[in-house]
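Read the structure below first, then the notes.
Computed from heavy atoms alone, side chains included, the values below leave out hydrogens, waters and symmetry copies.
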Amino acid sequence: MGRVTGDGTVGKALEVLDQVAAFGRPVRFSELLSKSSFPKPTLYRFVQTLTNQQMLAYDPERQTYSPGVRLVRLAHAAWEQSTLAPVARPHIDTLSNAVGETVHLAQLDHAQVLYIDKRNAGLPVEMYSQAGKVGPAYCTGVGKVMLAFLDDDTAKTVIEQQSFHVFTEHTLDSADALRGELADIRQNGYGFDREEHEPGIICVAMPILTDTGRVLGALSVTSTTSRTNLAGLEAFVPILKETADKITRDAQNWSFPDYNTKETTGI
């Protein structure tokens, strides 16, 4: 992990928090030290301070650290105040009950997709996406429909930041291929994931736009190739559009963060 520069003590403390969270499980100090760019005394000082402030929790029996209750409270407050999730919750509940398939709600974050809510199908399917996870924009349905409706300058910047890693034989592997797909999405008003991120996983996705065309987020209905096909998912387009419009209506008074290239790309 590269060291945070220019942000002083706060930036370094956040780097330690990121490192603990990246393990995805309780972690020993020796494991943190093996991955850290900080010398042992510096890392120990940050860990102790974060533990004292309840940003990290220490288990004395296992001698491990994990995200603390104060961090959880802050994360919940951020989720409530800066994402579409609370506004959209009743609408995606209704959508999930109507379609019987997995429903995702997502927003763009630093040129990637942030999944902010999810409702599982009656018969859940194991897949990558979970609320709080970040995924690629260029090969997910929700990512592509958001990219398709960004203004030209922002879209150009975000497309340049895509990795174009090939996950499956269906993954779009270049900026030119993605731009062609985005043009089709703008014309149709919705898009698909054709097993581009995970084999066997398909979806139909719809952008959530303001009345002026600003991108707020995206919705998708996701299933598997063993359960249905793209034509079957396309039948959900009308109810997806209806749900997106309802979220837009209820988000009119929501003070959402700006999505712009300076804020999200650091340029």
Side-chain angles (χ1 to χ4, degrees), residues 84 88 91-92 95-96 98-108 111-121 123-131 133-150 155 158-159 162-209 213 215-245 247-248:
L84 269 178
H91 302 301
I92 65 172
L95 176 63
S96 177
V99 301
E101 297 283 3
T102 299
V103 172
H104 292 108
L105 177 68
Q107 291 177 248
L108 278 176
Q112 295 179 299
V113 167
L114 173 64
Y115 293 97
I116 58 174
D117 213 344
K118 178 179 180 178
R119 297 293 179 274
N120 282 316
L123 295 173
V125 175
E126 185 67 28
M127 62 183 79
Y128 169 84
S129 54
Q130 300 291 338
K133 274 196 171 184
V134 173
Y138 66 95
C139 62
T140 54
V142 287
K144 289 187 294 181
V145 298
M146 287 189 285
L147 293 182
F149 289 91
L150 293 175
V158 174
I159 290 172
Q162 302 306 303
S163 65
F164 295 105
H165 173 78
V166 176
F167 292 95
T168 78
E169 62 180 314
H170 304 286
T171 305
L172 299 175
D173 61 0
S174 70
D176 286 342
L178 177 60
R179 290 188 188 99
E181 176 90 354
L182 299 183
D184 290 341
I185 291 171
R186 282 192 294 274
Q187 182 175 356
N188 296 328
Y190 59 92
F192 296 101
D193 177 345
R194 304 174 179 86
E195 299 183 76
E196 295 162 51
H197 190 211
E198 298 178 84
I201 303 297
I202 55 177
C203 90
V204 59
M206 179 73 61
I208 302 170
L209 308 173
V215 177
L216 297 182
L219 284 168
S220 70
V221 175
T222 303
S223 191
T224 67
T225 53
S226 63
R227 183 180 293 176
T228 187
N229 53 32
L230 293 176
L233 290 179
E234 194 168 20
F236 295 132
V237 166
I239 192 171
L240 262 177
K241 181 66 167 64
E242 179 184 350
T243 303
D245 289 344
I247 294 172
T248 294

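Within the structure, ring-ring contact (aromatic ring centres under 6.0 Å, His included) pairs that include any residue of residues 224-244 do not occur (at least two apart or interchain).
In this structure, OG1 in Thr224 is found 11.5 Å from CD in Glu198, a value given to the nearest 0.5 Å. The structure places CE of Met146 at 11.0 Å from CD1 of Ile185, a figure rounded to the nearest 0.5 Å. The CD1 atom of Ile201 sits 14.0 Å away from atom CZ of Phe167, with the distance rounded to the nearest 0.5 Å. Note: Glu169 CD to Arg194 CZ = 14.0 Å, rounded to the nearest 0.5 Å. Note: His91 NE2 to Asp117 CG = 12.5 Å, rounded to the nearest 0.5 Å. Remark: Ser220 OG to Ile202 CD1 distance equals 11.5 Å, nearest 0.5 Å.
Annotation: ring-ring contact (aromatic ring centres under 6.0 Å, His included) contacts of Phe192 (sequence neighbours excluded): Tyr190. Every ring-ring contact (aromatic ring centres under 6.0 Å, His included) that Phe164 has, sequence neighbours left out, goes to Tyr138. Annotation: salt bridge (charged side-chain N to carboxylate O under 4.0 Å, His left out) contacts of Glu234 (sequence neighbours excluded): none. Applying the salt bridge (charged side-chain N to carboxylate O under 4.0 Å, His left out) rule to Glu195 yields no partners; only residues at least two apart in sequence or on another chain are considered. With sequence neighbours excluded, the residues that form a salt bridge (charged side-chain N to carboxylate O under 4.0 Å, His left out) with Asp245 are Lys241.
For the residue pair Gly141 and Asp193, the shortest heavy atom distance occurs at N-CB, 3.6 Å. Between Phe149 and Gly189 the shortest heavy-atom distance is CZ-CA, 4.2 Å. Across all non-hydrogen atoms, the minimal contact from Glu181 to Leu172 is CB-CD1, 3.9 Å. Nearest approach of Ile247 to Ala88, heavy atoms of both residues: CD1-CB, 3.6 Å. Across every non-hydrogen atom of Ile159 and Ala175, the tightest pair is CG2-CB, 3.8 Å. For Leu108 against Ala137, the heavy-atom pair with the smallest separation is CD2-CB, 4.4 Å.
Between Glu242 and Leu95 there is no side-chain heavy-atom pair separated by less than 4.5 Å. Considering only heavy atoms from C-beta on, Ile239 stays 4.5 Å or farther from Val221 through its side chain. Looking only at side-chain heavy atoms (C-beta outward), Arg186 and Leu182 come within less than 4.5 Å of each other. Residues Val215 and Leu209 are in side-chain contact: their nearest non-hydrogen atoms beyond the backbone lie under 4.5 Å apart. A heavy-atom distance below 4.5 Å is not found between the side chains of Val103 and Thr243. Here the side chains of Val145 and Met206 are not in contact, with every heavy-atom distance at 4.5 Å or above. Between Leu84 and Ile208, some side-chain heavy-atom pair lies under the 4.5 Å cut-off.
Under a 3.5 Å cut-off, the side chain of Ser96 and the backbone N or O of Ile92 do not form any donor-acceptor pair. In this structure, Gln162 contributes its side chain and Val158 its backbone to a donor-acceptor pair below 3.5 Å.
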Between Leu178 and Lys144, does a side chain to side chain contact (heavy atoms under 4.5 Å, CB included) hold up when you go through it step by step? CA-CA 8 Å; Leu178 177 60; Lys144 289 187 294 181; 4.2 Å; yes

